[in-house]
Amino acid sequence: MTDSPAAPSAPSSSDSRPVAVVTGASSGIGAATARTLAAQGYHVVLGARRVDRVAALAAEIGGTGRQLDVTDEDSVTAFVDGLDTVSVLVNNAGGAKGLDPVATADLDDWRWMWETNVIGTLRVTKALLPALEASGDGLIVTITSIAALEAYDNGAGYTSAKHAQGVLHRTLRFELLGKPIRLTEIAPGMVETDFSLVRFDGDQERADAVYQGLTPMVADDVAEVIGFVASRPPHVNLDLIVLKPRDQASARRNVKTG
Ligand code: 8X3
């Protein structure tokens with residue numbers, strides 16, 4: 001059963017499955033993670049701006065699809081309505097726009113990256129903290145990036161937003177110490193999704209060139225790791241997991257092997 005996107009409801013009280021919330025769940029890592037967690041027995045609540053896509057995926061995996069724009073406070077408020085007990089929150093919504101030097105930075109691109117990656121993660125996490133605590137064993141997984149750990153030429157809008165998102169998440173690890181909530185930061189390198197297509201504003205050729213000649217990870221590679229994290233016992237907190245393709249040693253250094 002899936003809920004109508006127009007009138008979303010909470011997972012029904014007769015559904016005994018623990019609830020997992022995934023943002024940015026319409027494609028890529030978010031969609032793959034939703035599938036993985038559903039297969040592990042969660043009722044997954046999928047959020048994304050493209051509600052038709054999350055509704056379709058929710059129907060397939062027995063979850064709930066709801067519209068979510070993490071840059072909009074009212075949208076987040078509506079999204080979390082009725083979610084009183086949540087076991088897993090995967091902060092996946094975010095992304096990059098542009099690859100410009102600071103000297104010619106596009107301020108609108110910067111604002112979008114900070115709004116989605118940083119303030120978006122803050123909004124959703126803040127709204128769901130009581131529900132995560134109420135579960136008695138909550139888990140917050142935040143998908144940052146290796147860009148949260150290093151800087152690279154022309155990437156400051158994205159790397160600064162990812163650093164800030166990472167620090168937000170790591171600060172919560174301290175602030176929630178003593179509460180029944182675990183926190184895991186997942187920092188992937190190159191994953192072939194629509195990440196580069198969004199970054200380059202739909203320029204498929206430029207997006208394809210990023211991964212040409214090397215073997216990037218795919219969304220399922222990351223989702224499997226999130227599934228592993230979510231299936232650890234309550235006393236085990238995996239703090240930070242960095243995943244890169246074999247062909248990538250850092251955000252600035254990869255090798256074309258093929
Ligand atoms: C993106 C990581 O290595 O593709 O978050 O720039 S990388």
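Just so you know, ligand 1 is whichever comes first in the structure, and atom 1 is the first atom listed for that ligand. Numbers for residues simply follow the sequence, beginning at 1.
Less than 4.0 angstrom separates some heavy atom of Ile146 from each of these atoms of ligand 1: 3 (O). Atoms of ligand 1 found under 4.0 Å from any heavy atom of Phe195 (numbered from 1 in listed order, with element): 1 (C), 5 (O). If you number the atoms of ligand 1 from 1 as listed, the ones under 4.0 Å from a heavy atom of Met190 come out as 3 (O), 4 (O). Per-residue contacts place Ser145 under 4.0 angstrom from the following atoms of ligand 1 (heavy atoms of the residue considered): 1 (C), 2 (C), 5 (O). The distance from ligand 1 to the heavy atoms of Tyr152 drops below 4.0 Å at these ligand atoms: 6 (O).
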Report task. Decide yes or no on side-chain hydrogen bond (donor to acceptor under 3.5 Å, both in side chains) for Trp112 and Thr71, but give the supporting numbers first. Result -> CA-CA 9 Å; Trp112 183 88; Thr71 69; over 6 Å; no
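Of the N or O atoms in Tyr158, one or more lie within a sub-3.5 Å distance of an N or O in ligand 1.
Every heavy atom of Ala147 sits 4.0 Å or more from the atoms of ligand 1. Between Gln248 and ligand 1 there is a heavy-atom distance shorter than 4.0 Å.
Separating the CG atom in Leu149 from the OG1 atom in Thr159 is a distance of 11.0 Å, to the nearest 0.5 Å. Here OH of Tyr211 is found 5.5 Å from OG1 of Thr193. Values are rounded to the nearest 0.5 Å. Summarising the geometry, atom NE2 belonging to His235 is positioned 11.0 Å from atom CG belonging to Asp137; distances are rounded to the nearest 0.5 Å.
Annotation for Asp201: atom CG does not count as buried by contact number, only 12 or fewer foreign heavy atoms lying within 6.0 Å.
Remark: Arg170 is not positioned above the aromatic ring of Phe174, lacking an NZ or CZ atom under 6.0 angstrom from the ring centre and at most 45 degrees off the axis.
Neither the backbone nor the side chain of Lys162 comes within contact range of ligand 1; no heavy atom lies under 4.0 Å.
The residues Lys162 and Glu185 are annotated as not salt-bridged, no charged nitrogen and carboxylate oxygen being separated by less than 4.0 angstrom.
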